[in-house]
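This report concerns only the one structure given below.
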Protein chains: 2
Amino acid sequence: MNISQAARRSGLSAKTIRYYEDIKLIAPAARSDNGYRQYDQAAVKELRFLAHARDVGFDLEESRQLLELSRNPARQSRHARDLVMEKSQKLQERIEQLVAMQKELLAMATRCKGDEGPECAIIENLAAGQESDK
Amino acid sequence: MNISQAARRSGLSAKTIRYYEDIKLIAPAARSDNGYRQYDQAAVKELRFLAHARDVGFDLEESRQLLELSRNPARQSRHARDLVMEKSQKLQERIEQLVAMQKELLAMATRCKGDEGPECAIIENLAAGQESDK
DNA sequence: TGTAAACCTTACAGTAGCTGGAAGGTCAAG
DNA sequence: CTTGACCTTCCAGCTACTGTAAGGTTTACA
């Protein structure tokens with residue numbers, strides 16, 4: 001199949017698939033006589049793997065590691081688990097950070113009248129700085 | 001004061017301050033005879049404003065808008081409030097997305113033994129694709 | 001047979017928000 | 001007079017793509 005069908009089946013864009021080939025995340029696709037890239041079921045499966053890994057938050061380097069594990073029949077599931085736990089930890093920290101931001105945004109919004117006047121707790125709050133160094 | 005002190009007092013790096021000047025987020029700093037940038041309290045206050053706006057999740061364009069509001073004595077607090085509410089909404093969506101990712105990561109990790117063997121629910125889960133198009 | 005739409009190719013530029021490094025000028029202490 | 005800590009500008013690189021240009025191919029249809 002051509003690249004756009006592989007894209008549809010994998011959930012990646014054709015652009016992204018070419019990009020993944022460029023950066024050697026996947027092996028160069030076979031080519032048909034006209035020079036078009038050709039994908040088989042196995043190739044699509046790897047693309048779907050990558051799409052899913054990205055979806056759950058792995059970056060390209062981590063996705064590459066996971067893909068290598070999936071290709072390696074002598075892998076140790078411990079390695080995959082380590083990657084997942086580490087990502088989960090980072091994600092947890094990120095979530096807590098966003099929740100804290102969210103909390104502060106709502107606190108600011110609550111105290112701002114949001115009318116036609118210039119007085120604004122949001123602006124004051126952002127301007128009010130924790131002075132650090134003198 | 002010189003740039004590194006302004007950096008310490010604002011919570012931004014010197015690099016970042018120069019960058020903000022470059023992209024005209026802030027006015028070009030005054031220069032002393034030797035060509036060094038000079039910052040006064042008002043300048044530091046704007047830098048702190050920006051640092052804080054970034055901290056709570058605003059991107060540079062939004063931060064620029066907020067800074068303009070803070071500079072404008074004829075502002076309407078409604079505008080600031082709108083920016084905050086919109087950002088809060090986006091943030092909420094992002095948080096829910098990350099929480100869903102986190103949930104899936106933990107579900108995968110739970111089902112993976114994480115030992116020396118190759119059998120791994122994580123790999124299987126990532127490989128198992130929701131086949132979309134035939 | 002012509003042509004237009006829908007594919008495909010490569011190559012290069014741009015995005016956000018910085019950070020790092022090179023190459024060099026300035027300043028205060030010892 | 002040298003060392004180290006500043007400062008300057010400029011350019012490259014980071015992530016993970018996306019957009020665009022300029023072209024070649026294939027297919028459907030009039």
Side-chain angles (χ1 to χ4, degrees), chain A residues 1-26 28-40 43-44 46-47 49-67 87 90-91 94 97-98 101 133, chain B residues 1-26 28-40 43-44 46-47 49-67 87 90-91 94 97-98 101 133:
Chain A
M1 80 191 77
N2 287 345
I3 198 169
S4 65
Q5 198 177 358
R8 276 190 296 273
R9 290 199 197 177
S10 65
L12 298 170
S13 73
K15 274 280 196 198
T16 297
I17 295 175
R18 288 193 202 99
Y19 173 66
Y20 285 178
E21 184 179 315
D22 253 27
I23 63 172
K24 297 172 204 311
L25 189 56
I26 51 175
R31 301 291 182 126
S32 59
D33 290 351
N34 55 18
Y36 289 11
R37 285 177 183 80
Q38 291 301 311
Y39 297 88
D40 58 15
V44 169
E46 293 215 332
L47 293 173
F49 185 101
L50 289 170
H52 199 170
R54 299 286 296 115
D55 277 351
V56 294
F58 291 103
D59 63 27
L60 286 186
E61 174 54 25
E62 293 158 341
S63 299
R64 191 185 56 71
Q65 289 177 41
L66 286 165
L67 185 57
K87 178 55 57 177
K90 294 269 194 228
L91 207 47
R94 182 67 179 149
Q97 198 183 7
L98 295 191
M101 284 159 47
D133 181 30
Chain B
M1 80 192 75
N2 287 346
I3 198 168
S4 64
Q5 197 176 359
R8 275 190 296 272
R9 289 198 197 178
S10 65
L12 298 171
S13 73
K15 276 278 196 198
T16 298
I17 295 174
R18 288 193 203 99
Y19 173 67
Y20 285 178
E21 185 180 314
D22 251 29
I23 63 172
K24 297 173 204 310
L25 189 56
I26 52 176
R31 300 292 181 125
S32 58
D33 290 351
N34 56 18
Y36 290 10
R37 285 177 183 79
Q38 291 301 309
Y39 298 87
D40 58 16
V44 168
E46 292 215 333
L47 292 173
F49 185 101
L50 289 170
H52 200 170
R54 300 285 295 115
D55 277 351
V56 295
F58 291 104
D59 63 29
L60 287 184
E61 174 54 26
E62 292 158 342
S63 299
R64 191 185 57 71
Q65 289 177 42
L66 285 165
L67 185 57
K87 177 56 55 180
K90 295 270 194 224
L91 207 47
R94 182 67 181 148
Q97 200 183 3
L98 295 190
M101 283 159 47
D133 180 31

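We use all heavy atoms of the structure for the numbers below, so side chains are in, but hydrogens, waters and symmetry mates are not. In the text below, chain A, chain B and the rest are named by the order of the sequence lines, each starting its count at 1.
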Using a strict 4.0 Å threshold on nitrogen-to-oxygen distance, state whether B:Glu21 and B:Arg18 make a salt bridge. no
If you compare every side-chain N and O of B:Ser4 against the phosphate oxygens of D:dC7 (OP1, OP2), does one of them come in below 4.0 Å? yes
Can a side-chain donor-acceptor contact be found between A:Arg8 and A:Gln5 if the only test is distance below 3.5 angstrom? no
Rounded to whole Å, CZ of B:Arg64 lies from C1' of C:dG17 at a distance of 16 Å
Closest heavy-atom contact between B:Ala29 and B:Gln38? CB-O, 3.9 Å
To the nearest angstrom, how far is B:Asn2 atom CG from D:dC6 atom P? 10 Å
If every non-hydrogen atom of A:Val44 is compared with every non-hydrogen atom of A:Arg9, which pair is closest and at what distance? CG1-CB, 3.9 Å
Provide the closest heavy-atom pair for B:Ile17 versus B:Ile26 in the form atom of the first, atom of the second, distance. O-CD1, 3.9 Å
Under a 4.0 Å heavy-atom cut-off, which of residues 28-35 of chain B touch DNA chain D? B:Arg31, B:Gly35
Net bend of the helix from C:dT1-D:dA30 to C:dG30-D:dC1, end axes of five pairs each, nearest 10 degrees: 20°
Taking CG from B:Asp22 and C1' from C:dT19, how many angstroms apart are they, rounded to a whole number? 14 Å
What are the two closest non-hydrogen atoms of B:Arg54 and B:Ser63, and how far apart are they? CD-OG, 3.8 Å
Beyond-backbone contact of B:Glu61 with B:Gln65, side-chain heavy atoms, under 4.5 angstrom: yes
Of the options C:dT9, D:dT8, C:dG25, whose atoms approach the side-chain atoms of A:Arg37 most closely? C:dT9
What integer distance in Å separates A:Met1:CE from C:dC7:C1'? 16 Å
Describe the nucleic acid contact of B:Ile23 in one word from base, sugar-phosphate, nothing, applying a heavy-atom distance below 4.0 Å. nothing
Protein-nucleotide distance (A:Arg18, atom CZ; C:dC7, atom C1'), rounded to Å: 10 Å
Considering all heavy atoms, the nearest B:Leu12-B:Tyr20 contact: CD1-CE1, 3.8 Å
Per-nucleotide protein contact string for nucleotides 11-18 of chain D (B base, S sugar-phosphate only, - none; heavy atom under 4.0 Å): -----BBS
Atom-pair distance (CD1 on B:Ile3; P on D:dA5), nearest Å: 19 Å
Donor-acceptor check, side chain of B:Asn2 to backbone of B:Ser4, threshold 3.5 angstrom: yes or no? no
Does A:Glu62 use its side chain to pair, donor to acceptor, with the backbone of A:Asp59 at less than 3.5 Å? yes
Work out which heavy atom in A:Ala7 is nearest to a heavy atom in A:Ser13; give both atom names and the distance. CB-C, 3.9 Å
